[in-house]
Amino acid sequence: MKRIAIIVSALLLSCCSQARVRQYALKVVAEYNHDISSYTQGLFFHGGELYESTGQWGESSLRKVDLTSGRALEKLPFNKKYFVEGSTILGDKLYVLTWTNKVAFVYDAASLEYLKTCSYPREGWGLTTDGKSLIASDGSSKLYFMDSDFKLQRSLEVKMNGRPLRLLNELEWIDGKIWANVYTTDMIVIINPKSGEVEGAVDCSGLLPSHLRTNRTDVLNGIAVDQQGGIYLTGKYWPRLYKVELREIK
C-alpha cells in the first residue's frame, strides 16, 4: 500500500507540474513608429524612458528612444566586430550582451557612460532582471540567473507541456513572470521563474500586417513593459511598435 501511495503521489505531482498552458491573443491599443534600421535585440523601459539595443555586425547600437516618433534621442554605436544582443538596467548600471563575442558591456544607467567590459561565458541572447538578478537566455531551453558581476546563481530549464522549449530569445520581467520571445516564431511564452514551466502562450501572428512588410522585415522580437503595466511589442527591422493587451482564449 505504501508503494501504491508513493506512485499516486508522483502521478499527482506530475499532473500539477504540467498544468494547462493558457492561450492568449492580442489586442492592439496603440501603435508607434519604429526605426526600420533597428534589428531589435533588447527593449525595455526605465524611469519612463524607452531603451533599445540593436544587433547585426556593423549596425549594433544602444539607444534611448522617443516612443512617439521612434527616433533615437541618444545612440551609442559599437565597433563592427561586435554583434549586440539583449540589454537591461539593474541598480545604477546598464548591461548589454553580445552574441558570440563572449563579452558584455556595462554602462552608468543615468549618463550612459561606459564603465567596463566583462567576460561572458555563453552566447548572449536575451537579458532582463527581476530587480535582484540578471536573467539571460542563450538560445537554448535554459535561463541563467546571475549577479551584477555575471556570476551564475542558478540556471532554470524552461518546459512547455513537459518538454524543454528551445530558442528562448528576448526577455522581459512582467508581474512576477518571465516573458520570452521564441525565436523564429510568432509566439511569446510566459514562464514561471521558480519552476520553469510555461504558464501562458501569446499568439502574435498578424501583429505586423502584410502591407507593412518588406523583404528585409525580420521576426518578432522585443518586449517591454512601462511603469503603468502597459506592454509593448516590436520586431527586427519592423516599422511599428505596438502597445497591446492580452485576451485569454478559452
Side-chain angles (χ1 to χ4, degrees), residues 1-27 41-44 85-86 88 97 99 121-147 151-207 218-225 229 231 233 235-236 244-250:
M1 290 296 292
K2 184 176 181 181
R3 183 169 178 235
I4 293 173
I6 291 171
I7 293 171
V8 171
S9 297
L11 288 172
L12 288 173
L13 284 171
S14 176
C15 290
C16 290
S17 67
Q18 296 181 31
R20 181 179 72 88
V21 176
R22 296 179 181 272
Q23 303 293 320
Y24 298 94
L26 292 178
K27 176 185 177 182
Q41 304 284 57
L43 191 72
F44 65 92
E85 289 276 348
T88 196
L97 299 183
W99 180 28
R122 292 171 292 277
E123 285 192 3
W125 284 49
L127 187 66
T128 191
T129 179
D130 59 2
K132 298 177 181 178
S133 302
L134 296 169
I135 307 170
S137 62
D138 66 350
S140 70
S141 60
K142 288 187 176 181
L143 297 177
Y144 303 89
F145 290 69
M146 304 168 291
D147 67 16
K151 182 180 179 180
L152 183 65
Q153 298 168 325
R154 68 183 177 103
S155 61
L156 178 72
E157 184 167 41
V158 176
K159 293 185 177 182
M160 186 170 182
N161 297 319
R163 297 183 178 182
L165 181 63
R166 297 178 60 253
L167 298 178
L168 301 173
N169 198 9
E170 217 273 296
L171 307 174
E172 185 75 4
W173 181 270
I174 303 177
D175 291 333
K177 308 293 182 182
I178 302 169
W179 289 41
N181 281 114
V182 182
Y183 185 53
T184 75
T185 79
D186 290 319
M187 181 173 67
I188 290 172
V189 291
I190 301 171
I191 303 162
N192 183 307
K194 293 182 179 179
S195 68
E197 292 294 330
V198 171
E199 297 181 342
V202 185
D203 179 8
C204 303
S205 57
L207 178 59
D218 213 310
V219 298
L220 175 80
N221 200 61
I223 310 167
V225 60
I231 297 169
L233 306 177
K236 301 173 185 293
V244 301
E245 293 178 351
L246 300 193
R247 175 175 59 83
E248 186 173 357
I249 303 170
K250 300 295 186 179

Return yes when atom CZ of R122 has more than 12 non-hydrogen atoms of other residues, nucleotides or ligands closer than 6.0 Å, and no otherwise.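 Atom CZ in R122 is packed in, count exceeds 12.
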
For a quick test of reading the model, state the closest non-hydrogen atom pair linking [X] to [Y] and the distance between them.
X    : Y    : value
N169 : Y183 : ND2-CD1, 3.6 Å
M187 : A201 : SD-CB, 4.0 Å
P193 : R154 : O-NH2, 2.9 Å
L220 : C204 : CD2-CB, 3.7 Å
K194 : N192 : N-OD1, 2.8 Å

Spacing of [X] atom [atom1] and [Y] atom [atom2] [to the nearest 0.5 Å]:
X    : Y    : atom1 : atom2 : result
E157 : L165 : CD    : CG    : 10.0 Å
D218 : T184 : CG    : OG1   : 10.0 Å
T129 : M146 : OG1   : CE    : 9.5 Å
F145 : L156 : CZ    : CG    : 5.5 Å

Expected list for residues 170-181: side-chain donor-acceptor pairs under 3.5 angstrom, two or more places apart:
unit_1 : atom_1 : unit_2 : atom_2 : d
E170   : OE1    : I223   : N      : 2.6
E172   : OE2    : V225   : N      : 3.3
K177   : NZ     : E199   : OE1    : 3.0
N181   : OD1    : G222   : N      : 3.1

Pair R247 + E245: basic N to acidic O under 4.0 Å: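 Salt bridge absent between R247 and E245.
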
Give the intermediate values and the outcome of side chain to side chain contact (heavy atoms under 4.5 Å, CB included) for residues L167 and T185. CA-CA 9 Å; L167 298 178; T185 79; over 6 Å; no

Picking from I188, D203, V202, what satisfies side chain to side chain contact (heavy atoms under 4.5 Å, CB included) with Y24?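 Only match with Y24 under side chain to side chain contact (heavy atoms under 4.5 Å, CB included): V202.
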
Check: G139 main-chain N/O paired with S137 side-chain donor or acceptor under 3.5 Å: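 No.
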
Using a 3.5 Å distance criterion without hydrogens, assess whether the side chain of E248 forms a donor-acceptor pair with backbone atoms of L246.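 Looks like no, no N/O pair under 3.5 Å.
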
Determine whether D138 and Y144 make a side-chain contact, defined as any pair of heavy atoms from C-beta on separated by less than 4.5 Å.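 Yes, at least one pair of side-chain atoms sits under 4.5 Å.
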
